[in-house]
Structures are given as structure tokens and as C-alpha cells.
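See below for the structure under consideration.
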Amino acid sequence: MEDLSNAELTKMVDVLGGIVSKEYVSTNLFERIKNTLDVYPYEVQREQICYAVVMPGSTQEISEIMKYANSIKVPVFIRGSGTHLGGNYRPHVPGIVINTHRLDKLEVFEDYGYFECEPGCIVARVADRLAELGYFLPMAPGSRQIATMGGMIVNNTSGHIVDPSIGKPGDYVLGLEVVLPNGDIIETGTKGLRRPAGTDLTKFFLGGDGLLGVITKIRMRLVPQPERAYGVAVYGDLLSLARGVQRMYMERRPAPLFMEFLDDRAASFGFGLRGLEPPGGSVILFVSIGSSGREAADKADKILESLKGEGTIDAYRVYDMDVWHKIWSSREVISSNLMQQLGTQLSSAEVSSNLKDLVNCMKDCVNFNKGLPILSQLDLYLFGHIGALTIHPAIMIPREWDDERKRQAIDEKFQREKELNLKYGTCGGEWGQFGKRKEFFIKRYGERGYGIVKGLKEMMDPNNILNPGILEGYR
Amino acid sequence: MEVFVCLRQTAVVKEEPKIQPDKKGVDLSGLKRHLNEWDAYALEEALLLTQRYGGDVSVISLGPKEVEDVLFHGLAAGAKKAIHIFVPEREQIDNWVIANILSREIKKYPFDLILTGAQAEDDGCAEIGATLAQLLKIPHASLVMKVIYEPDAKSIKVERELEEGYMDVLRLRLPALLTIQTGINQPRYVSSLRLRRFKKAGTILRVSFDELISEAGDVYPKKEVVRLYPSRPEFSKVEMLGGSPEAISDQLIELLISKGVL
Amino acid sequence: MNEERYVDELKELIVDVARRCRNCNYCYTVCPLFESSRGFQVQGPSGILQAIRYAIRWGELEGKEKEVLREILYACTTCYSCVLKCKASGPGVPLLDGIEGGRRLLIELMIGPMPEQIKVLESLEQEGNPYDELASRRLDWLKELERERRLSYKLLPAEGVEVLLYVGCTPSYNEGVQRVACSVVRLLEEIGASYGILSEEKCCGSPAKRMGEEGLFEDLCNENLESFKECGIQTIITISPHCYNTFVNEYPKAINEFKIQHYTELFAELIERGALVPKSRIEKVVTYHDPCYLGKRNGVYDAPRKILGSIAGVGFVEMRRNRDNSLCCGGGGGRMWIETEEINRLSETRVREALDVGAQIVAVACPWCYIQLKDAVKTTGNEGKIEVRDVAELLAETI
């Protein structure tokens, strides 16, 4: 796409100002830079910076912006907080960035049994509001304090939650309001509590990777706040740990809401930081839920039985909430402290295993960086949502490295992740499917599979205005 | 464009100053010195013009050693050349002498524009700019609030601030002199570190007053200070109006009418 | 001239700090500016840091948008929440080093500070205070107090004084905050302390440092250190957390020979020892607003609470956001002199938070919080419903 002339730019800013009102259009260089940045540790290029940042306040405004963008063939990128860990956010060509933060209305309709929110609502705010009323928000991204609902729904990611326990957030999405790439506004789904059987238009946008429409309203079923029970299991080695998880499934234990693991280095480091005794091995931390305290406790006990079956050094329930809080929060402090102590920027891969090959997959993750020219020089830690069969090999990239080397490290990381997910017949379950993972998608689902998505995109967005670059993939 | 800026160092007077025993001057001992407020705007205008149109700014000042501070400030702010006409303290000079001496030095250099502040904080005479322009035989405009350079025509268009919010727009052929009014721009801040560095390593061209006198003949003050005294308004006795708000308002209105205010 | 080297070093420092940031944007969640402006035109801590970083990398420091850059850099209140948050959940980027480094750079390039702050710096240099007040009037408040009662302080330099009460510019010149200074003096008199006040006290330099005027700050550091050494004192008590912070964390090492305390630390100690006993009651619901420079920057959270807790009748309640989670009043970082709507909203939000927990008094321990919150009580129309009092004032009332 050719660069805009000054006259064209001025006209664009004028028109946008007419749509959202001038105070919500920003063309200052620094606002534009920040709204083009993502979590990748290398610099953004000048040519990628957007032309303008707009903060619309309504669905109608977004619709008009899309219509206008189509008429002048300028791309539009939708941005919440830009915290996508797969870096799918970063635009690669200049365009208009729609920042959704003004769209933060939240309404809870208890008598309907659902809540509706706009995409710019911060996840933590929604979760807290629902908790006040005794409800549970079925999603748990690590970035909950800053991530937006729009981003969560467009990825349909549960974050750290073990999908087999309560599913993905999409299972609770009753309907959406969407602005299509050409500006048309449609509604999908239902106001009832039963999601459509058969064709549900919601499905094109929920987890849609931002390809086919802009989500402007989300309706989700209200879920009562469950009771919780907490447990810890310590293993002498990661392979036994993996076997423990397999056993839990094979013995048909009710899947826990959360099941995290830490390799022994990460665990002793993290526990130490919280003033706890180092566990002396790799650990599993899990949370079981139930409609009553007893049900949750029962489930937790059953899980512990299975975990013990693979030779735990220690396995116990945690009853003291202060202690649990320390244990659970040790995960957060691990990454931040590792980054600070080692002077690195952490970048994780997302390896999904299948149930049968979990042990082999764990072995492969232990050797994640073997044979990779850049990554093999770096330190590797393993943690992740093992209950969901997700392992995050975390690479520590030295911050003083130059941009090119950092970019290569990230590429190698995706390369290896692709190999492993292909090997185990799985795919990413947290961070979306395209962008840097486009090659994986093609390898996994073939050109035919990719062609379906491409065809849909071309039909819905013939001018390729909405979030271009994600489907095409980029370096 | 080559621009000269005349800088004057004045004392920072925050409280009522002491009058000297001979009642012909003010006791400035112990007071800090700084760049005359109007001159700061002139300096900034010169820097903005040369930044925009190319060329250099030269700063010039006259006085004892201390005035070097304002010259270093000028260099730190971006002037390329600084000239100090050294005048020992004991010399009796007035604005006529100053304007003459400045003209003798400045005319040695090529220049397009000379900027001075519209007036000085100390004497408020507002005469050096006009006098200097006459001596150099160049056109001048005072109380300038806007300067637009017209390079093709070798002229400048200026806006002058008049009373009642009216602006006078003039065109002058270069070389010309302008006296600059406050508020024309926002003078840049020169930090302590920057000033320190320029004080250490900046160069000031020093010229002696005596040299200039002997070159072109002596010049004497044309004014003599007769007396300096503080003028204080006569405070009549204070009258307190009393009673209810209505009564007070009535009294007040009567008073204002009787004094011819209403 | 090593001007270029100074500028280059500053640029390197800033880019180095910015490269450590991974744009996780967690700092947004605790940034008072982001909260009050929804991040538009202001962008939160990492946005401010990236703005100066890319301005350096792309040569935009002196470009068309240099005034926008300046506004962005000087918008930060330097409350420190982002630094704490990044240390807790991220790579521990010293964000404020980058932001304040950016201010030093802009001042060096003569783009900064904000135009409204120039007079402040000139006043600091000429009169030793940021308020364009005469240095000769700095002790007027004390002379007023002496007319009411006999005071036992010594005017320093003088012999045989161990404790220096470093008053600070705001308590000296601001009418409202002078009451705090008077309260502190009354309390010192009550315990019979042998204390002194400088006859020619100068600004601690914190406003200069915050604005990026490193040279002026150095000058004030040196002058103050000279004064302190001359007096033969051992302890320095400050009224403002800003003076406290700058002495403890930013002055040359030579200041370490003195013990430095914020007055709340001193009085909390005395109360614990039984040397200071609140005699009368204050029957009010009181909450405490943690000043950023006392709490987040220096970890002093308990001392003021101990003092309030020792006063009978006080029903102490915590605001929703307290201690290291406290919301900035908007007065720090040089912002006392830059008027923007966002900053006023911060102190108004804080007053509302206090009302939310049923407080009748918001206790503060910082002159700027005092001024900001008092104004906010008025602008939110809550006069009569809630009062802003300094901890010293409350304590002084009870003795």
C-alpha cells in the first residue's frame, strides 16, 4: 500500500474527527508509536507506524470508520491493550488504529442470566464486578489486569484455565454484536441461555483472530462463583509429573479449574522468593472447583490420589489461604525475578501436547532449545498449564542483544514450537492461530484448510482492510 | 541572516531598593544580576529567526566583568559570537554613550538585523534601540510582537503592539533594527549545566571602551541625574463603612458618585 | 566541548532503559495518569518511556512535535507506582530513570522544562525557593509563631544543637501549610527537644531534580550540605516527604553522616517510647492518604498510622487503595506548576475514595498532598463533609 500524501492524511484526520469528534483522534507521533507496539522485544520500524489513532465511543462510529477505510482503501487495526503474547497485534503496514478503551460499558442482567460488555472492558474489572455479585468470569489470562474482553473473545482463549474443566470462554458467549469489514452491523447468537444448535454466526468471530469482523458487544452467560479446593504435588522429575497428569485423566478424575506446573529450578526459586521452603522437586499446583466446598474438596482429594500414583515426593491439600496465596503467586514472581536477576526479557513458546504422548512431549520440551543456533545458547525454564497439556518453554533473551538477534531467537522459538505441535497433532490453545504461526497452520491443516479461511476472508473483506497481515503471516 | 542582539545585564530587584546617599542612584550592591527581561525575548527571537532562515546570532554587551554572564548565557542559548565591550565601573556613562559605543563596534561587522529589548528593567528609558538605529543610519521599529523575514525582497515585515489591542504592521528594508516586546515568544531555558560548560569553554571577544573612544573620538553623557526619590501616594485616613450590607452599599454608591467614579 | 558527550550519554541511558521494557503494559494498571485520562494523549509509563526512546532513535527530539514530547514527558507525576509494579510483575525496568533522564535531556537541548516551570527554576536559583518569594521572608511564619508563645529553638548555625528541623519551602511560604510547620514546632517544644532551624534555609533541590535541572540541583545539594556541616547537627527532621526522599536517596554520599527522618518517624518513635502522649481525644473517622514520596518511594507506611492509632477516639479506616497501592494526589514530579484537568481529577478521585469509606478526616503527611486534597474537597463541593488535616496538626491538637 502506498504511503499517503499530506493532503490525504489531513483529509483523513478531518473525516475521522467528524466521526468520533476531534478530541478522540490523535496524530501525534508518540501516540501513534505506542499504539503500534506489541510485546516483542525488538524495535518497531518507522514505516509500520499508523497514520492515526482513534478512540470510538460506539458501534455506529466503528461502522462509519470501516466504511470510510474501505472507501479510501486504508487498513484498520483493532487494538485493546496490545498485550497479545503471540505478538499478533503489531501492524506491519501503516493504517488507522482503533483503540477500544473508550468502549467500556458493562451491564449485568441478572434477570436474564447474562451480562453484556463492550470490547474495551478490562478483564479484571469485569471479573471483579461479577465476583461482587457472586458470579465467576470463565477466563483467566495472566494479563487480566490490563487485557481487554475484546482481545479475549477474538482469541477465544481461556488463559490459564484447564479447558476440560469448564471449557473456553466461547462456550459461555451467547451472542455478539459485530461490525463487518465493510461497515455493516450484525447481531449473532441468542438472548436465551441455550446457544444456537446448528449454524451460529457467533462462531465466525469468536476466536476469529480478528479476520472477519470487529466485535463491539459481547454477551456472556452468568456463571455462579464456584467453591474451591487447593492442592500441591511434588515430583522428583518432570517425566513422573507428566505421568501423574496422564493418570489423572485416565482415572477419570474431574478436571481441575487450574493445574500449573513448575520445573524444579523455577519452583525452588519461586517458593524461595515467597519465603517458603523449596519443594525439592518439580511441582504441580492445582485448584478444583465445585458447587459446594465439599464437592471441591472431594475432587481435589481424588486428583491427589491419582497424582500420588506416579510417585510423588509430597502431595497435599492446602487449607490456609495465606499459604496458598504465597504458593500460587510464586508463579508470577518467578518470571519477573528471573528477568530482573538475569537481565533478560522472557519469551515463551506454547507447546500443546496430546494426552497419550504427554511424557514424550515433556522430554521434547526439556530439550526444546537443543540444536537451535541461537536458542541453544540461552537458558530455558519450563512451566505451564500442564492440566491443559500446555507447556511453556520460557526462553531468557538477554536484553542487550541487538534487534536482529532477538528477532531470530523469536523465530527459532516459533519454529521449534511448530515442529512439536505438528509432531503431536496439536495446535496452540492460548494465543491464536495466524501471524507468526501461519506456517504451522498450513502444515497442520494443509493448503486446503488455510484456503477455507482465506476464502472467507476474501469474501467478507475483499479490500483486505481489517487487520491485514495476520492471515498472511509475517516475520 | 546575520543578527546582532544587544544584551543588558540588570539587577534582580525583588524588594524596594535602597537609594544611595547622594540621592542620584540606587544601591545595587549585594543584588544578583540577570539578563534584562526584554532582552531575553530579543535573544530568543534572533535564535528562532536564524534557526528558521539560516545564519548566525552575535551577542554584544557593555559593562564591567560581570556582564560576561549574560554573554555566556547568549552563547549557551545558541549565539555563535559574543562581544564584551569592557567598561570599568567608575566610568560615567549614560544611554547616549552606550548607543554610540555599541554602534562603533557593531558597524565593524556585516549584519542584517539588530535586535534589542524594548526597554530596560532599571531605567525604563527605551532609548538605546532608537538611538543606535539613528547612529547606524538604519530603519527601526519598536515594541515588535512579530517578525516575518522576506528573503527575496531583503526586507522584514513586523507587527508592533499599540494600545487598545491594535497592531501596526510595517515593512522595513534590511539592514534594520527592532526593539522587541515581551510575550513575542517563549525564551528557552538555559540550564545550569549548560551554562557552566559554556562559562568554561566559550569564547568572548573582548574590546575595551578606551579603544573605541580613541578610535572615533570621545563621547560624553548627555544626561545628568538630578535626583532619584521614591514616589509614594498620600494615604488619607482610612474610613470604615459600617452597618448592614444594604446600608454599606448605599454609602459606597454615594461615595463613588461624589468622587466622580460613577 | 563535552556537551555532545553529555547528550550522548543521556541518550544511551534512556534507550538502554527503554529496551528493557517489553510492552506488557502492566504499568498502565497502576499509573494515575492512565487512570485519569484513559491513556489517550498520555499513554502510561511505558508509553512515555517509548516516546522518548523513539524520539531519540528517529531523531525527533527537536522535530515538529517536540512540544508534544515535552508535554508527554512532563505529564508524569513520578509517583513510583510503575517502578514497583514492574519490579513485582515484570522485568524491573527503572521506568522513572528513563523518564527523568528524558527530562534532563530536554532541558539540555533547551526544549524543556514546561514554560510554566521556567519561573520556578529561576526562583529556585535566585531566592532558594520555587514560589518566587523573598528569601528574606522565609522565617516570617516562625516569627509569627514566636509572637504567640515562647519558643526554644536555636537559629542555626549555633552551638550545641543536635537536631535540625528542615522546614522546607512549602511549609515556610504556603499559608495553609504553615499550620503544619507550626504544629511540628509545637510538638518539638512539647517534648522539650533541643532543635534548631536554619537562619538561611534553601530549597532541598527536589523540584529542580524532578524537572531535570541537574546542575541547579547539584548547586543546591552543595550549598545545603555546607550549611548542614557548619551547624554540627546530627539529625535532620523534614516536614515534606520530598525533602526527605531527596536527602536520603539523591544527595551526595556526604549526607549519610546525618540521620534523616521524616517527622512522622520521629513522633511515632517518641509515642512508642512514651515520651509523647496524646492527651485529648479526636472523635472522628479518620483515613490516611499515603504520600507517594514517603510510602512508595521510601517504605514509610507504619509510622503515620501508629501516630493516628495512638490518638483516642480516632476511628481509623483504610481507603480502598492504600500503602503501596495508594493513588497519587497529582502534586509530584513538578506538576504543582502545570495545570491540567487530569491532575485535578486525581485529587478529586482520592477525596471521593475517602468519602466512600466514611472518613470525616483525610490525614496527610505531605505539603503537596495537603494542598491538592484541600483544593479537591472544595472543587468537589464537599466542604463541611470532609476535612484534610496533616498528621502533625492532629497530633498537636491532642497535647
Which region of C:L216, side chain (C-beta onward) or backbone (N, CA, C, O), has a non-hydrogen atom less than 4.5 Å from a non-hydrogen atom of chain B, or is it both or neither? both

What option among B:R196, B:R188, B:R194, B:K200 has the most heavy-atom pairs under 4.5 Å with chain C? B:R194

May I ask you to list the residues in residues 6-15 of chain B that approach chain C closer than 4.5 angstrom, counting heavy atoms only, ordered by number? B:V12, B:K14, B:E15

Measure from the ring center of C:F228 to the ring center of C:Y251 and say whether it is less than 6.0 Å. no

Proximal component of C:E108, with respect to chain B [non-hydrogen, under 4.5 Å]: both

Shortest non-hydrogen pair, C:S240 vs C:T238, comes out as O-OG1, 3.1 Å

For side chain to side chain contact (heavy atoms under 4.5 Å, CB included), just list the numbers for C:I52 and C:I99, CA-CA rounded to whole Å, side-chain angles, deciding distance to a tenth of an Å, and then say yes or no. CA-CA 8 Å; C:I52 182 75; C:I99 294 174; 6.0 Å; no

Using the side-chain hydrogen bond (donor to acceptor under 3.5 Å, both in side chains) rule, take B:H34 and B:E121 through it: C-alpha gap first, then chi angles, then the decisive distance, then the call. CA-CA 11 Å; B:H34 76 162; B:E121 287 167 27; 3.0 Å; yes

Out of C:E218, C:E100, C:E214, which one pairs with C:K209 under the salt bridge (Lys or Arg N to Asp or Glu O under 4.0 Å) rule? C:E214

Dump the intermediate steps for side-chain hydrogen bond (donor to acceptor under 3.5 Å, both in side chains) on C:E250 and C:T246, then the final yes or no. CA-CA 5 Å; C:E250 299 176 330; C:T246 213; 2.7 Å; yes

Using only heavy-atom distances, determine whether the side chains of C:Y293 and C:T78 contain a donor-acceptor pair under 3.5 Å. yes

More than 12 non-hydrogen atoms from neighbouring residues, nucleotides or ligands closer than 6.0 Å to NZ on B:K108, yes or no? yes

Report which part of C:Q117 has an atom under 4.5 Å of a heavy atom belonging to chain B: side chain, backbone, both, or neither. neither

Under 4.5 Å, counting heavy-atom pairs only, tell me which of B:S191, B:A77, B:G78 racks up the most with chain C. B:S191

